[in-house]
Amino acid sequence: WQDWVGKAAACPREMPFWTEIVLPGGERFYCLDRGGKIVYQAGEAWIDLLVKHPPVPFGTVLDVQVRDP
């Protein structure tokens, strides 16, 4: 799992594995995990990034690019 720090994310079940998430700063993450709290809420997807230092504070709402695998 350590090889995926800064690259992997837990995404809602509706997003296929290997979906690419690109943050506004250009950071790229891939949906490689699921979680009970990783869901769509009010039409927005909650995504949990596997990072040492988060690029944005927890709970920040961002417009991101989502690319199907």
Side-chain angles (χ1 to χ4, degrees):
W1 67 268
Q2 293 175 339
D3 291 339
W4 290 99
V5 172
K7 302 176 207 168
C11 300
R13 294 189 186 283
E14 295 86 352
M15 293 178 145
F17 284 124
W18 292 103
T19 296
E20 183 180 39
I21 308 296
V22 183
L23 302 184
E27 301 91 341
R28 295 175 188 275
F29 292 88
Y30 296 90
C31 296
L32 298 175
D33 194 14
R34 304 282 185 239
K37 300 283 185 180
I38 311 301
V39 297
Y40 277 93
Q41 185 176 40
E44 296 178 342
W46 281 88
I47 298 173
D48 188 13
L49 307 175
L50 178 60
V51 294
K52 287 183 182 180
H53 305 286
V56 296
F58 177 78
T60 301
V61 176
L62 296 173
D63 286 325
V64 300
Q65 294 178 24
V66 178
R67 298 180 182 153
D68 290 330

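What you see is a predicted model, and the numbers here were worked out from it, not measured in a lab.
- Between Cys11 and Thr19, every side-chain heavy-atom pair lies at or beyond the 4.5 Å cut-off.
- Using a 4.5 Å cut-off between side-chain heavy atoms of Ile, Leu, Val, Met, Phe, Trp and Tyr, with links allowed through other members, Tyr40 and Ile47 fall into the same hydrophobic cluster.
- Using a 4.5 Å heavy-atom threshold, the side chains of Gln65 and Arg28 count as separate.
- Considering all non-hydrogen atoms of both residues, Val64 and Val22 come closest at CB-O, 3.4 Å.
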Take Glu20 and Val66, measure what side-chain contact (heavy atoms from CB on, under 4.5 Å) needs, and give me the verdict at the end. CA-CA 6 Å; Glu20 183 180 39; Val66 178; over 6 Å; no
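- Taking CD1 of Ile21 as the reference point, atom CD of Glu27 lies at 12.5 Å (rounded to 0.5 Å).
- Closest non-hydrogen pair, Ala9 versus Leu49, comes out as CB-CD2, 4.0 Å.
- Contact annotation: the side chain of Val61 approaches that of Glu44 to within less than 4.5 Å [non-hydrogen atoms, C-beta and beyond].
- Residue Phe17 holds its CZ atom at 6.5 Å from CG of Asp33, rounded to the nearest 0.5 Å.
- Between Phe29 and Leu23, some side-chain heavy-atom pair lies under the 4.5 Å cut-off.
- Distance CZ/Arg13 to SG/Cys31: 12.5 Å, rounded to 0.5 Å.
- Between Trp46 and Lys37 the shortest side-chain heavy-atom distance does not fall below 4.5 Å.
- Within a 6.0 Å sphere centred on CZ of Arg34, heavy atoms belonging to other residues, nucleotides or ligands number more than 12.
- Note on ring orientation: taking the six-membered ring where Trp is involved, the planes of Trp18 and Tyr30 are tilted (angle from 30° to 60°).
- No chain of hydrophobic side-chain contacts below 4.5 Å, direct or via other Ile, Leu, Val, Met, Phe, Trp or Tyr residues, connects Phe58 to Ile38.
- With a 4.5 Å cut-off on side-chain heavy atoms, Val56 and Leu62 count as touching.
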Assess whether side-chain contact (heavy atoms from CB on, under 4.5 Å) is satisfied between Lys52 and Val5, documenting all intermediate values. CA-CA 7 Å; Lys52 287 183 182 180; Val5 172; 3.8 Å; yes
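- Between Ala45 and Pro12, the shortest heavy-atom distance links the atoms CB-CG, 3.9 Å.
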